[in-house]
There are 2 protein chains.
Amino acid sequence: MADIAARVGISRAAVSLVLRGVGGTSEATKQRVLEAAAELGYRPDSLAAGLRRSRSRTLGVLFALRRPFEVEFVEHLYPLAGHLGYDLLLGPFTAGRRQDEAVDELLRYRCAGLIVVGPDLHARDLEPLAEEVAVVEVGRGVTRGLVDVIRNDDAVGTRQAVDHLVSLGHRDIAYVDGGENPGAQERRSGYRAAMQDHGLAEATRVVPGGYTEDEGARAAHGLLANQPPTAVIAANDLCAIGIIDIALRAGLQVPGQLSVVGYDDSRFGRIPGIDLTSVRQDIPRMAKQALKAVVDRLDRPTHKPKDLVVRPKLVVRSTTSHPSR
Amino acid sequence: MADIAARVGISRAAVSLVLRGVGGTSEATKQRVLEAAAELGYRPDSLAAGLRRSRSRTLGVLFALRRPFEVEFVEHLYPLAGHLGYDLLLGPFTAGRRQDEAVDELLRYRCAGLIVVGPDLHARDLEPLAEEVAVVEVGRGVTRGLVDVIRNDDAVGTRQAVDHLVSLGHRDIAYVDGGENPGAQERRSGYRAAMQDHGLAEATRVVPGGYTEDEGARAAHGLLANQPPTAVIAANDLCAIGIIDIALRAGLQVPGQLSVVGYDDSRFGRIPGIDLTSVRQDIPRMAKQALKAVVDRLDRPTHKPKDLVVRPKLVVRSTTSHPSR
DNA sequence: TTGTATGCGTTATCAT
DNA sequence: ATGATAACGCATACAA
């Protein structure tokens, strides 16, 4: 930047004004600065800029690199953040990287806010963070401290799945659970409540599973071994895919002999050969709201935390049909 | 940091020495500094640190968030980079984010080096970058300028697939192509050459496809419509999964009536119900070498670029068997 | 072993 | 409308 100033013959401050696009400069110098910048191949230094205004224009994103929903969420975040003038700093947690390490790194880079997409972190870990930075949690609804929450109404989602299957004539509807994963608890209780409301409390069956294909496949083995249900709702899409694979291998027709519903409507469910009936979370809307929540909190740090619940929507495809019996 | 210095009653420089773990301080002050740091909840400021030593300890990673191979590669990068004392700055490109935007952002954060995992970028775009930062390219082998290259021997991979199928008795082996994707060209020519070497030039059949399940599924439709082959090699795992789905839906048994080989040995191929025979790229090794290459180049910026080729390995699972006829 | 002084590239404050 | 100057938090060279 000093180079540009020297070349044009003005102060560095003036150059800064032009480059930031704030007013206060004459049109003539503005043009000359822009020209010089292009010629010199100038590239702004986000480090220095962030250092100066202690409140950096960077948002940290915590998520699991392996969960399709979270990845899709992040994808939607990018254009929105860019539009608001924020950079995104990704803090993925994976097998080789603990979550607190990820948080630590983001904080070292002085993120202004934190978007926690995969809240495996317990509320008690998140709460103290909220005093340093703006924190918004996506998925799990533990409103405590100053943490904003954007979440999908998981219970309604599985209820929609049950309603759909019941309307097709199913009664023997099993549920493959998601264990401790984000949202899994609510999905399970939504299933339970819906079954009860339909007078199917007796037919309620919850099988331990998970959010991965592996766990879905394992659950399917047990489920199909004796007295297989006519329909199964999976904790998420990957789990559903694992179930379908096992079912097909076992010679069961899907949906002829077994209807399957997933959750998330992720890209894997949309594979033509799978074409999974699934509960869709409104990711674009949630991403937008999450961003809005962080930015709002940056403006008013002590504002009352919001808890926004977004309604999911069942997308019927070709893994569900009338039961054969 | 100033707070710690004030509290302990020494200079900020001394605190810096302790915190960085370089010698030059007495054990007594060291303890007192560490204590004070913990009490005050001190967190180093990577921005400021990076600004000071212009050569930041940050490596940028360019990759496609949707390609399993690249994501797995990134996962392996984390523990290795951490061990070398580098932070990773992720520059994913997705639907809502062009590649040059991603590059630009990484450069604005003054990354010391760039690891380009998904080299969709053309060599002519990469080359000028290499004069500013250390660049290592993973996947595509276009050694030009000062760009180091770590790549898998794609041609050998598809050759291994062909060899395997031929040894099982297959002769009618088709190939579903990966188009313009990284490595696709080499995989295709490896297939072609291997077929020729086995005297199967006549049976060579390349069908346009891609790196996604969708493209695999579309290719399968055309492929299975008339005169289906007894075996098919897919450009990558996702593509293979798309093919398998269509084949199963069409009533074909896999591998009974159609053997399928994928590429990458990604987690989707390892789904129990899929259990895909696939060509494995040695990701841990490649990740290690890529990191080594960047670090080496940071030490000797003008050193002759290296071009390291890693040998892949066929992993035989249950989607390949003897042909039925 | 410890402290002092200076600079990294930018932005914000104040004065012109 | 524009410019000089200080400050952001840390690392480094050098002096003590």
Side-chain angles (χ1 to χ4, degrees), chain A residues 1-34 36-37 40-58 85-87 104-112 132-133 298, chain B residues 1-34 36-37 40-58 85-87 104-112 132-133 298:
Chain A
M1 206 167 85
D3 295 342
I4 301 179
R7 183 163 181 140
V8 179
I10 58 174
S11 75
R12 299 184 324 241
V15 176
S16 175
L17 290 178
V18 174
L19 260 27
R20 276 181 293 157
V22 287
T25 54
S26 69
E27 191 61 29
T29 52
K30 184 176 168 184
Q31 287 309 324
R32 283 165 57 209
V33 166
L34 257 32
L40 292 170
Y42 169 78
R43 211 182 286 281
D45 186 328
S46 300
L47 260 52
L51 177 58
R52 178 53 232 233
R53 39 172 166 61
S54 297
R55 185 192 194 245
S56 78
R57 297 194 74 73
T58 305
Y86 281 92
D87 283 334
D104 222 65
E105 183 178 316
L106 294 184
L107 258 31
R108 282 206 327 268
Y109 278 89
R110 296 296 185 265
C111 287
E132 299 182 50
V133 293
L298 287 174
Chain B
M1 204 168 86
D3 295 341
I4 300 179
R7 181 160 182 145
V8 178
I10 59 174
S11 77
R12 301 186 321 244
V15 176
S16 175
L17 289 178
V18 174
L19 259 28
R20 276 181 293 154
V22 287
T25 53
S26 69
E27 191 61 29
T29 54
K30 183 176 167 183
Q31 287 310 324
R32 283 165 57 209
V33 166
L34 257 31
L40 291 170
Y42 171 77
R43 213 182 284 281
D45 186 329
S46 300
L47 261 51
L51 179 59
R52 175 56 230 234
R53 40 170 166 57
S54 298
R55 187 187 189 248
S56 80
R57 298 193 74 74
T58 305
Y86 281 91
D87 284 334
D104 222 65
E105 182 178 315
L106 294 184
L107 258 30
R108 282 206 325 268
Y109 278 88
R110 297 294 185 265
C111 287
E132 298 182 49
V133 294
L298 287 174

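Proteins come first, then strands; the chains are lettered A, B, ... in the order of their sequence lines, and each starts at number 1. Scope of the values below: all heavy atoms of this structure, side chains included, with no hydrogens, waters or symmetry mates.
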Rounded to the nearest Å, what distance is computed from the [atom1] atom of residue [X] to the [atom2] atom of nucleotide [N]?
X         : N       : atom1 : atom2 : value
Lys30(B)  : dT2(C)  : NZ    : C1'   : 16 Å
Asp45(A)  : dG7(C)  : CG    : C1'   : 14 Å
Arg108(B) : dC8(C)  : CZ    : P     : 22 Å
Leu19(B)  : dT12(D) : CG    : C1'   : 16 Å
Arg32(A)  : dT2(D)  : CZ    : C1'   : 13 Å

Which of the following nucleotides, dC10(D), dT12(D), dG3(D), is nearest to the side chain of Arg53(B)? dT12(D)
Nearest to the Ser26(B) side chain among dG9(C), dA11(D), dT2(C), which nucleotide is it? dT2(C)
Once hydrogens and angles are ignored, does a donor-acceptor distance under 3.5 Å link the base of dT10(C) to the side chain of Arg12(A)? yes
Check: dT10(C) base within 3.5 Å donor-acceptor of Arg52(A) side chain: no
Output the distance between atom OH (Tyr42(B)) and atom CG (Leu34(B)), rounded to the nearest 0.5 Å. 11.5 Å
Closest heavy-atom contact between Cys111(A) and Val133(A)? O-CG1, 3.3 Å
With a 4.0 Å limit, can you tell me whether [X] has a side-chain N or O closer than that to the phosphate oxygens OP1/OP2 of [N]?
X        : N       : result
Arg20(A) : dA12(C) : yes
Ser16(A) : dA12(C) : no
Tyr42(B) : dC10(D) : yes

On DNA chain D, check which nucleotide each of Leu51(B) and Leu17(B) is closest to and give me the residue with the more 5' one. Leu51(B)
Counting any heavy atom closer than 4.0 Å, what does Ile10(B) reach on the DNA or RNA strands: base, sugar-phosphate only, or nothing? sugar-phosphate
Sugar-phosphate only, base, or nothing, as touched by Leu47(B) at under 4.0 Å among non-hydrogen atoms: nothing
Is there side-chain contact between Leu51(B) and Asp45(A), with heavy atoms separated by less than 4.5 Å? yes
Determine yes or no for a side-chain-to-main-chain donor-acceptor pair under 3.5 angstrom, with Arg57(B) supplying the side chain and Gly85(B) the backbone. yes
More than 12 heavy atoms from other groups under 6.0 Å of CZ on Arg12(B): no
Closer to the 5' end of DNA chain C via nearest nucleotide, is it Gly9(B) or Ala13(A)? Gly9(B)
